[in-house]
Structure formats: structure tokens, C-alpha cells
Amino acid sequence: MSIYNNKKIVVLGAGLTGLSCINYFISLNIYPKLIDTRFLKIKNIPNGIKYHFGSFNDSWILNSDLIVISPGISSYNYIIKKAINKNIEIINDIEIFCREISKPVIAITGTNGKSTVVSLLFKIFKSYGINVSCGGNIGIPVLDLLKDKSDLYILELSSFQLEYVYSLKTICSSILNITYDHIDRYPNGIQDYVFSKWKIFNNSEYCIINYSNKFSLPYNIFEKNIITFGIKKGDYYIDFYKGNIFLSCYNKKIINVKDIFLKGIFNYLNLLVVICICDIFKISRNILLKILVEFKGLSHRFNIISRKNNILWINDSKSTNVGSTISALSNLNFVKGNIWLLLGGNGKSVNFSKLLKPYLLLYKNLFICCFGKYKDILYNLIPNISFKFNNMNNSFLYILKNVKPNDVVLLSPGCSSLDQFNNYIDRGNKFINLVKKYT
């Protein structure tokens, strides 16, 4: 008998995650109630499911035995606080998944680079002949992975997804990095965000720790098997030798970064995690290095769209926080002309002036085109080199009139896209279409 039988269950959120939870419970012949605060018209709600759209149904929630919460709903919401005070159990789809499986799990979190690391690991393990599945924050709800009956699961987990997880057990896990993000979600600031990330190490055989990122160093895992990575230090490290950059481990050089497509210190650190995990699983270095050399990165993550007229147009729409914009700019130290940075969107209450302004001041050849909800805040960072526009389209047209050969145009917004776009993919595709249309 299922542990969920005879429970009054409410699923909060009717997106992909919420609907995957509904389908999971129906497979157990359990019919929970479904709530979403948005006014939705969903055609694929299964028969027998009672739903309430447009607001929280407080009565349903506070009279339930179990709440299954979607990652978009804050733990600080008034109704969630009431449920907590009533000792109603609150979990999410990741917790349900962890209760179901007995196969090995690799878990990855971090502010930036999660999808790149998870995608690379998936390609490598699959090439090695392992029956592997990956999902979570990368787009496939984890409960949809249960039907795959895989021998290994690779999970990309956000801080939101880790908040209500208690049964996660992993062979290895890593926090790639932590930078300021989602401050609007956490009233107590960065420390709450950090604590949610640290949960990934609670039941991990190997904890892979970033020595070069202060927030990624938990205080409570001293008895664990710890493997470290970093810049010039750690078990796996970035090594600078005779004008070259190598990825190395335990005093042995693994690969010269000039042989791979991914560029930038942030990417090199993430690749160290990939190499470390492959070593834990004893994956052949030949297979690992072959895929590292061939891997060209993910869509909308620092992709070169055009080089026409010796002008480089780069789409980094997946940049949704300050750290990812800084990472993108770090890759442009080769630029001879001007850098035109498209910056803007919903800043999620981040203090851009404190975090980004000192970095931008290092660039003498930088012009910033600000757009969207945070355009005024971003414009005021360095007004003498900034311009503001209502939308990305107007920013693009201004750049088009002023850009010259040897310049780089970089869309790395540093903000959420949801003020003017469906998601970062929509934003990136619109930028690509503009580049193709006008260049």
C-alpha cells in the first residue's frame, strides 16, 4: 500500500512539475486536489481531479494532510506559513522521486553552469554505455523519469527545489558556485539562499566543493568524503603553465583548454566537476576527453550567432543573474573594439550597483544598453556609458547604427526574462532573429 493512501493531498502549481505530480498520484489510484493562483485554461487535466485556479484555496490547503509544492511558490507565502504552523507535511516532486528510487544519483546545483555540467555528464555516461536519465531543473520533471527505469539518475536542482527535499541520497553532489540571485525570494537575504543550496550535501557519499567560491563552503560536512576544485588550488584545479591554461588534478595535467570550445574561468571550473565525477565512476579518460573536445555548449549560453563584417554577435540569454553576466564579460578580454552589452529584464531585487558596477568600471571600451523592467536601475550604474530603452528591440536597433568592425555585441541580460518574454529561450530566439534579419 502506498504511503500516500488515505491522505488529503493538495498539489500547488499547475505547471509541468505540478501536472507530473498529478499523473504520478493517479498512477497510484490517488486523486489529489490541484491549485494554481493563475487563471489557467488547461485542457489536459485528468478526469477526476478537482482544481481551483486564480487564487489560493485556503480551506483546501489548511485542511490537507500533505502539500506537494511547486518550486515557483515561496516558502514565505502567507498560506505556506499557516500550513507550517499547523504541522501539515510539505514536500515537492524531488522528495517524492527520492522516496521511489533505489538507483544511484548524481546531483548538481549552483547559481550558474548547472545545465552545462548535467548535459555533459549525461552525454559522457551515455557514451560509456550506462543506462542514464537526467532531469529536474533542466526541463524534464523528475517524476517523469521514473518510467525510464534507469541505472543512474543525474539531477539538476535549484535552490527552490532543494527547500522541501529530505530523502535525497547521492553518490556525489556538487555546488558549482553561489552568487547573488533570487534575493526577492529570500527575505533574510543571501544566507537563506546559501542554506537551501547546502542541503544537497546532506546525504552525499562524495561532496565536491568549490574552493574558489566562499558561499559554496558549508560548515557542516567535515566527516564527509570531500573532493575540492578551484583556481590554482584543490584536488582538481585550473593550472596556468607557460602561457597556457590546463585543467589538472593531483599534480597531473588533463587537458589544455585551447583544445575545447567552452571558454572562461567559470566554464573551466565547471568542467573540473565533470572530470571529478567521471573519475569517481571510473569513466574512461579517452571517452571523457573526446566529448569535452567536441562539446560546443548549450543553446542561449554564450553562443556566437554571427561574425559578419568582423562584428561578433553573441547570445547569452540564459544569463539571468549578475554572476552569469560577469562570467560572460570575463570571456571577452580579447576584444579590440567596443563591447556592446544588452542588459535588462526583471532584476529580482538584486543590488546591481554593489555587485556589478565595480566590475563594469574595469572595461574602458564598454557601452551598456539597458532595457525592460530594470532599465532605470541599470542605467544609473554608469550613466556616462549607458543608454536605456523600453525593450530589447529598440536597444538592438540603436547598437546596429553604432557598431563597427572589431566590436562585440553581447546579449547577457543578467536578469529574468519574464517581464517581457515567455522565458530566456524566447528572449534568445528573438535576439537571434534580429541578428539574422539585420546582419
Side-chain angles (χ1 to χ4, degrees), residues 106-140 150 152-157 172 174 176-177 208 210 229 231 236-239 244-249 252-307 312-320 323-324 327-328 330-332 334 410-412 424-425 428 432:
I106 297 168
I108 303 294
T109 192
T111 306
N112 297 303
K114 298 185 294 294
S115 297
T116 296
V117 169
V118 166
S119 298
L120 257 173
L121 287 170
F122 177 75
K123 290 173 76 73
I124 292 166
F125 280 100
K126 195 170 183 181
S127 297
Y128 202 61
I130 295 173
N131 181 19
V132 59
S133 294
C134 73
N137 194 57
I138 199 168
I140 302 174
S150 298
L152 174 68
Y153 294 97
I154 304 172
L155 303 184
E156 176 187 324
L157 300 177
C172 52
S174 183
L176 303 178
N177 49 69
I208 305 170
N210 186 346
F229 68 100
I231 302 170
Y236 292 74
Y237 57 96
I238 299 172
D239 191 11
N244 290 304
I245 304 175
F246 290 87
L247 304 182
S248 302
C249 75
K252 293 183 179 180
K253 293 177 176 58
I254 300 171
I255 189 171
N256 191 328
V257 300
K258 70 180 182 181
D259 296 327
I260 58 181
F261 285 98
L262 294 181
K263 301 300 178 187
I265 296 297
F266 279 65
N267 277 323
Y268 302 153
L269 286 169
N270 293 338
L271 292 182
L272 290 175
V273 175
V274 172
I275 296 168
C276 173
I277 291 173
C278 288
D279 285 353
I280 290 171
F281 281 83
K282 296 180 169 40
I283 299 295
S284 161
R285 277 278 174 86
N286 290 334
I287 289 176
L288 165 63
L289 295 179
K290 180 177 184 294
I291 293 176
L292 287 187
V293 168
E294 294 173 350
F295 188 69
K296 294 184 178 180
L298 302 180
S299 299
H300 308 288
R301 174 56 87 192
F302 207 79
N303 301 137
I304 296 173
I305 305 303
S306 172
R307 299 177 184 267
L312 209 59
W313 300 80
I314 301 175
N315 170 28
D316 191 41
S317 180
K318 204 171 187 297
S319 162
T320 58
S324 54
S327 172
S330 299
N331 297 335
L332 299 179
F334 63 87
L410 170 66
L411 171 67
S412 188
Y424 76 86
I425 297 172
I432 293 170

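Keep in mind that the numbers below use all heavy atoms, side chains included, and drop hydrogens, waters and symmetry copies.
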Query raised in the report: How many angstroms lie between atom CG of Leu121 and atom CD1 of Ile291, to the nearest 0.5 angstrom?
Result: 10.0 Å

**Report entry** Donor-acceptor under 3.5 Å (Asn177 side chain, Asn112 main chain)
**Finding:** yes

Query raised in the report: Is there a donor-acceptor contact under 3.5 Å from the side chain of Lys263 to the main chain of Val257?
Result: yes

Requested in this report: Starting at NZ of Lys126, measure out to OG of Ser150 and round the result to the nearest 0.5 Å.
Outcome: 10.0 Å

**Report entry** side chain to side chain contact (heavy atoms under 4.5 Å, CB included) assessment of Ile130 paired with Ile283
**Finding:** CA-CA 10 Å; Ile130 295 173; Ile283 299 295; 4.1 Å; yes

Query raised in the report: Does a side-chain heavy-atom distance below 4.5 Å link Thr116 with Leu262?
Result: yes

Requested in this report: Begin with the C-alpha distance, continue with both residues' side-chain angles, and end with the deciding distance and a verdict on side chain to side chain contact (heavy atoms under 4.5 Å, CB included) for Asp316 and His300.
Outcome: CA-CA 5 Å; Asp316 191 41; His300 308 288; over 6 Å; no

Query raised in the report: What pairs of residues pass the ring-ring contact (aromatic ring centres under 6.0 Å, His included) test when at least one of them lies in residues 261-294, not counting sequence neighbours?
Result: Phe125-Phe281

Requested in this report: Give a yes or no on whether the backbone of Ile208 and the side-chain of Ser174 come within a donor-acceptor separation of less than 3.5 Å.
Outcome: yes

Query - Closest approach of Tyr128 to Lys282 (non-hydrogen atoms, all atoms of both residues) - result: OH-O, 3.5 Å

Query raised in the report: Below 4.5 Å, heavy atoms only, C-beta onward: do Ile314 and Ile304 meet side chain to side chain?
Result: yes

Query raised in the report: Are the side chain of Ser127 and the backbone of Lys123 linked by a donor-acceptor contact shorter than 3.5 Å?
Result: yes

**Report entry** Distance, nearest 0.5 Å, that separates CG of Leu247 from CD1 of Ile238
**Finding:** 6.5 Å

Query raised in the report: Do Thr109 and Asn137 come within less than 4.5 Å of each other through their side chains, counting heavy atoms only?
Result: no

Report task. Sequence neighbours left out, what passes side-chain contact (heavy atoms from CB on, under 4.5 Å) with Ser119? Give chain and number order. Result -> Ile138, Leu298

Query raised in the report: Is any side-chain heavy atom of Ile277 less than 4.5 Å from a side-chain heavy atom of Ile108?
Result: yes

Query raised in the report: Looking at side-chain heavy atoms only, is the closest gap between Leu157 and Lys114 below 4.5 Å?
Result: no

Report task. Quick one: do Leu176 and Leu269 satisfy side chain to side chain contact (heavy atoms under 4.5 Å, CB included)? Show the steps, please. Result -> CA-CA 8 Å; Leu176 303 178; Leu269 286 169; over 6 Å; no

Query raised in the report: Is the closest side-chain heavy-atom distance between Lys318 and Ser115 below 4.5 Å?
Result: yes

**Report entry** Euclidean distance, Ser306 OG relative to Asn315 CG, rounded to 0.5 Å
**Finding:** 12.5 Å

Report task. First locate atom CZ of Phe229, then atom CG of Leu271, and finally report the distance between them rounded to the nearest 0.5 Å. Result -> 11.0 Å

Requested in this report: Check for a donor-acceptor pair, side chain of Asn331 on one end and backbone N or O of Gly264 on the other, with a separation under 3.5 Å.
Outcome: yes

Query raised in the report: Tell me, do Lys258 and Ile245 make a side-chain contact under 4.5 Å, heavy atoms counted?
Result: no

Query raised in the report: Counting only heavy atoms not in Lys290, do more than 12 sit closer than 6.0 Å to its NZ atom?
Result: no

Query raised in the report: Once you round to the nearest 0.5 Å, how far does CG of Leu312 lie from CG of Leu332?
Result: 8.0 Å

Report summary line: Scanning both residues in full, the closest heavy-atom pair of Ser412 with Ser324 reads OG-O, 4.0 Å

Query raised in the report: Is there side-chain contact between Ile254 and Leu289, with heavy atoms separated by less than 4.5 Å?
Result: yes

Requested in this report: Could you walk me through whether Cys172 and Ile106 pass the side chain to side chain contact (heavy atoms under 4.5 Å, CB included) test, one step at a time?
Outcome: CA-CA 5 Å; Cys172 52; Ile106 297 168; 3.9 Å; yes

